[in-house]
There are 2 protein chains.
Amino acid sequence: MPVKDCQTEKLIIDTAMNVFFAEGRLYATTQDIADAAGVNRTLINYYFRSKDELLAKVIQKAHEQFVSNSDAILISDLPFREKTEQFMDDFMDKLRRFPYLESFLTVDIIQQRLSKNSVDRFPKEPPQPIQQYLKEIGNEMEAGTIPKSNPVHFMINLVSLMIYPIIMRPLQMRLLNINDTEYDQVVNERKQIILGLLFPETINANTK
Amino acid sequence: MPVKDCQTEKLIIDTAMNVFFAEGRLYATTQDIADAAGVNRTLINYYFRSKDELLAKVIQKAHEQFVSNSDAILISDLPFREKTEQFMDDFMDKLRRFPYLESFLTVDIIQQRLSKNSVDRFPKEPPQPIQQYLKEIGNEMEAGTIPKSNPVHFMINLVSLMIYPIIMRPLQMRLLNINDTEYDQVVNERKQIILGLLFPETINANTK
DNA sequence: AATATGTTTGACATATTTGTCAACAAAAAT
DNA sequence: ATTTTTGTTGACAAATATGTCAAACATATT
């Protein structure tokens, strides 16, 4: 068999992504993943050498999937407001698909910071699309479309307001004393709520 | 010795809180905690029976510390805006002290949801102070001080904007391509930024 | 059919972590 | 003073997770 099969390898990666990022089994073992994929555990070692390398691959692929669309949106020449909305739609779609991805990455990054020997799983170069979007945010602030501040605040606000309610859902449901149905309803309203915050009426009215 | 010593027990709890919530060693073993506390590992079993029960105690104590002040603030009869600011000050203080607490709780809740046998570590009854604050948010919306919506949105916005930049700091620093000094600067500006979002000028102007 | 290459499997070794237990030390109570 | 209670320790056992290896298997090429 001259050509590499790639079937099983892909199956393992996809399954692992599902287990970690969709099901939220952050502590899943290699055996768990193998079971979920219906393959022998040692195949993980055969294809990825170690669990750590599988993680690296999985995170890399998740990263690719995550930025693929959004990068295109961010570097497009859409008007700022529409660009932001498209970015939000895309981002929230991905959040729905992999609600636990950010939690996983956070914990992973935290642990990496503590252990000196682990390999860095993220590209070191700053993502250009975000840099460009930050510039556009600055322009909008200059133009008075949105309140002036360090542009990173706008970006931080944007992602905070989208992500946090998703990753902290279990905790928030308890604190706010609401059930799944109600929380789903709230999540569905988020986009409009966030837009209302980021593009305040006063300033926004000028642009219309 | 009629009175329980309580010295070692307290030392272990405090150390564990520090390791988990301040240092962010989310995967710390009982040995790690014992080392950090400078005691024999089996003392953890002596005082808490199991690691799981230690976790329960630690989370419970963290919860108490976290709500102690903030509950008092939330049920006080301060004007809404001042109450919110005090709540923010208190909350951000605690975030600085235990930046990894929320991450830990999130992961813990996620895992608990998946494992049927684990004991529930959180009080089941909804926290009244938050319920009361939610009512006040509703009142403010009625009065037109803040934009109308489901009051939980205001609460979610508030905590999202405070917490997310802290717990996702490593990730955000990479994405936004800024260093520690710059990020510290951003964090220091957060309170004013958040207030500007939650209390938009137009509406706020009416109340002055 | 024989062989070579890539794939899959089960058995084993190793490391890590947690919990138990009996022995020991220290402090109070008798 | 000695007995009892409380606190502490090290050695051991059990469970779990990861990685390695040789052997078995399948498939395409010779």
Side-chain angles (χ1 to χ4, degrees), chain A residues 1-20 23-59 104 107-108 110-112 114-119 121, chain B residues 1-20 23-59 104 107-108 110-112 114-119 121:
Chain A
M1 195 181 289
V3 196
K4 216 174 182 183
D5 196 340
C6 200
Q7 221 176 21
T8 309
E9 185 172 352
K10 192 175 180 321
L11 173 66
I12 293 174
I13 290 186
D14 290 345
T15 306
M17 286 179 66
N18 222 54
V19 168
F20 289 131
E23 295 181 27
R25 295 158 60 187
L26 272 42
Y27 290 80
T29 66
T30 50
Q31 187 67 62
D32 292 333
I33 296 166
D35 289 347
V39 302
N40 190 289
R41 179 177 63 82
T42 53
L43 283 180
I44 292 176
N45 295 99
Y46 177 74
Y47 284 106
F48 307 98
R49 259 199 104 71
S50 67
K51 182 183 186 181
D52 209 62
E53 287 204 33
L54 169 61
L55 285 185
K57 276 266 169 61
V58 163
I59 288 176
F104 189 96
V107 174
D108 188 67
I110 292 171
Q111 298 318 310
Q112 270 191 288
L114 297 171
S115 71
K116 306 292 177 188
N117 55 346
S118 66
V119 190
R121 297 192 177 115
Chain B
M1 193 182 289
V3 196
K4 214 175 181 183
D5 194 340
C6 202
Q7 222 176 19
T8 309
E9 186 172 352
K10 192 175 180 319
L11 173 67
I12 292 174
I13 290 185
D14 290 344
T15 305
M17 286 179 66
N18 221 53
V19 168
F20 290 131
E23 295 181 26
R25 294 158 59 189
L26 273 42
Y27 290 80
T29 65
T30 50
Q31 186 67 62
D32 292 333
I33 295 166
D35 289 347
V39 302
N40 189 291
R41 178 178 63 82
T42 55
L43 283 180
I44 291 176
N45 293 100
Y46 178 73
Y47 284 106
F48 306 97
R49 258 197 100 72
S50 69
K51 182 182 184 181
D52 208 62
E53 287 204 32
L54 170 61
L55 285 186
K57 277 265 169 63
V58 162
I59 288 176
F104 189 96
V107 174
D108 188 68
I110 293 171
Q111 298 319 308
Q112 269 191 290
L114 297 171
S115 72
K116 305 291 176 191
N117 54 348
S118 66
V119 190
R121 296 189 178 117

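Source: prediction; values computed, not measured. Chain A is the first sequence line, chain B the second, and so forth, proteins listed ahead of strands; every chain is numbered from 1.
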**Student:** Grab the CG-P distance between A:D35 and D:dT18 for me, whole Å please.
**Tutor:** 12 Å
**Student:** What does A:T30 touch in the nucleic acid at a heavy-atom separation under 4.0 angstrom: a base, only the sugar-phosphate, or nothing?
**Tutor:** sugar-phosphate
**Student:** Tell me the interatomic distance from A:Y27, atom OH, to D:dT18, atom P, rounded to whole angstroms.
**Tutor:** 13 Å
**Student:** Given C:dG19, is OP1 or OP2 found less than 4.0 Å from the side-chain N or O atoms of B:T42?
**Tutor:** no
**Student:** Can you find an N or O donor on one side and an acceptor on the other, under 3.5 Å apart, linking the side chain of A:R41 with the base of D:dG19?
**Tutor:** yes
**Student:** Tell me yes or no: between the side chains of A:S50 and A:D52, is some donor less than 3.5 Å from an acceptor?
**Tutor:** no
**Student:** Can you tell me if A:T29 and A:D32 form a side-chain donor-acceptor pair at under 3.5 Å?
**Tutor:** yes
**Student:** Given atom CG of B:L55 and atom C1' of C:dT17, what is their separation to the nearest angstrom?
**Tutor:** 14 Å
**Student:** If I take atom CD in residue B:Q7 and atom C1' in nucleotide D:dG7, what distance separates them, rounded to the nearest angstrom?
**Tutor:** 11 Å
**Student:** Any side-chain N or O of A:Y47 below 4.0 angstrom from OP1/OP2 of C:dT8?
**Tutor:** yes
**Student:** Can you measure from CG (A:L54) to OH (A:Y47) and round to the nearest 0.5 angstrom?
**Tutor:** 13.0 Å
**Student:** Grab the CG-P distance between B:N40 and C:dC21 for me, whole Å please.
**Tutor:** 17 Å
**Student:** In terms of side-chain heavy atoms of A:K51, which of D:dT18, D:dT8, C:dT20 is nearest?
**Tutor:** D:dT18
**Student:** Could you tell me the Watson-Crick or G-U partner of C:dG19, where both distances fall under 3.5 Å? Say none if there is no partner.
**Tutor:** D:dC12
**Student:** Report yes or no: do B:N18 and B:T15 form a side-chain donor-acceptor pair below 3.5 Å?
**Tutor:** no
**Student:** Are the side chains of A:T8 and A:Y46 in touch, meaning some heavy atoms are under 4.5 Å apart?
**Tutor:** no
**Student:** Below the 4.0 Å mark, does D:dT18 have OP1 or OP2 next to a side-chain nitrogen or oxygen of A:N45?
**Tutor:** no
**Student:** How many whole angstroms separate atom CG of B:L43 from atom P of C:dC24?
**Tutor:** 18 Å
**Student:** Using heavy atoms to find the nearest nucleotide of DNA chain D for A:T29 and A:R49 separately, return the residue whose nucleotide is more 5′.
**Tutor:** A:T29
**Student:** Measure from CZ on B:F48 to P on D:dG7 and round the result to the nearest Å.
**Tutor:** 12 Å
**Student:** Specify the separation, in whole Å, of atom CD1 of B:I44 and atom P of D:dG7.
**Tutor:** 16 Å
